[in-house]
Amino acid sequence: MKGHVARKRFGQNFLVDHGIIAAIISAIDPKRDETVVEIGPGLGAITEPLMARVDHLHVVEIDRDLIARLKKQHAPDRMTIHEGDALAFDFASIGKDLRLVGNLPYNISTPLLFHLAEYVDIVRDMHFMLQKEVVERMVAEPGDADFGRMSVMLQYRFYLEWLIDVPPESFNPAPKVDSAVVRLIPKPVSELNAKSQEKLSQVVLTAFSQRRKMLRNTMKSLLSEAAFAELGIDPTLRAEDVPVEDYVRIANYLS
Ligand code: SAM
């Protein structure tokens, strides 16, 4: 691996399948003047073909050895290297209309998605390689076993699209799990109908605290039977069966 020993603690599984890499680049379809930000460039599997398509690339990387390699390989006028933890990184410092890209370390993918939710106003889209199970949860629909808090909160904010399935042997070292590439496009403000995002988050958290229980039980402290009736929401539904827009209606009723 070009002299670099993959570090488990940084979730390093490097993409080596050229077909998959080409499919990712063509899904992103970057243009020269766009502000593309790659999280975790690693040994450059996606970085190099991105660099061929854009005038300038931003990368955020935590591993000092990999940062040193990147610095040797790329002049600052072509690549800005942001050294450090993407979970603590201020993406607004780069600019706006960002296109975020990353084959993310599986151990940080969920917290990173929540961190990035703070930057939706300045993000045009995101293309991420994630554990397939996580993508399944992201795109799950009411009634699916995978439909949960993450599905509701992400679907409220983003249009989601499952793009590419990626098997373990596409990486070196091969991870133990299947992966998938997903696209997230922030919804326009006009489609975000929750009066309070915090309230929505609280309602969803409460409902899914016991996903198999009826809403009338989990939401008892927040909503009376009369309130359910007024909203036209069946109180015998379980959290996993309630569509996103009904969570928004409950949150707005309580706001
Ligand atoms: N993009 C490369 C590829 O596709 O082969 C590497 C992908 S590897 C799964 C994840 C990359 O993210 C590694 O380069 C790793 O060092 C970096 N990384 C891990 N944790 C990070 C963090 N908290 N912030 C920024 N980068 C991180």
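Atoms within a ligand are numbered from 1 in the order they appear, just like the ligands themselves.
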Discussion item. Apply side chain to side chain donor-acceptor pair (under 3.5 Å) to residues Thr35 and His58 and explain how you reach the verdict.
Written reply: CA-CA 8 Å; Thr35 310; His58 290 263; over 6 Å; no

Residue pairs meeting salt bridge (charged side-chain N to carboxylate O under 4.0 Å, His left out), one or both in residues 14-36, sequence neighbours left out, come to Asp29-Lys31, Asp29-Arg53, Arg32-Asp55, Glu34-Arg99, Glu34-Arg124

Within the heavy-atom cut-off of under 4.0 Å, ligand 1 is lined by Phe10, Gly11, Gln12, Asn13, Phe14, Leu15, Glu38, Gly40, Pro41, Gly42, Ala45, Ile46, Val60, Glu61, Ile62, Asp63, Leu66, Gly84, Asp85, Ala86, Asn103, Pro105, Ile108

* Under 3.5 Å, is there a donor-acceptor pair linking the side chains of His4 and Gln12? -> yes

Exactly one candidate in Leu163, Ile28, Ile164, Leu160 meets side-chain contact (heavy atoms from CB on, under 4.5 Å) with Arg183; the answer is Leu163

With sequence neighbours left out, the residues meeting side-chain hydrogen bond (donor to acceptor under 3.5 Å, both in side chains) with Ser179 are Tyr106

Under a side-chain separation threshold of 4.5 Å, the hydrophobic residues clustered together with Leu237 are Phe147, Val152, Met153, Tyr156, Leu192, Leu200, Val203, Val204, Phe208, Leu215, Met219, Leu222, Leu223, Phe228, Leu231, Ile233, Val242, Val244, Tyr247, Val248, Ile250, Tyr253, Leu254

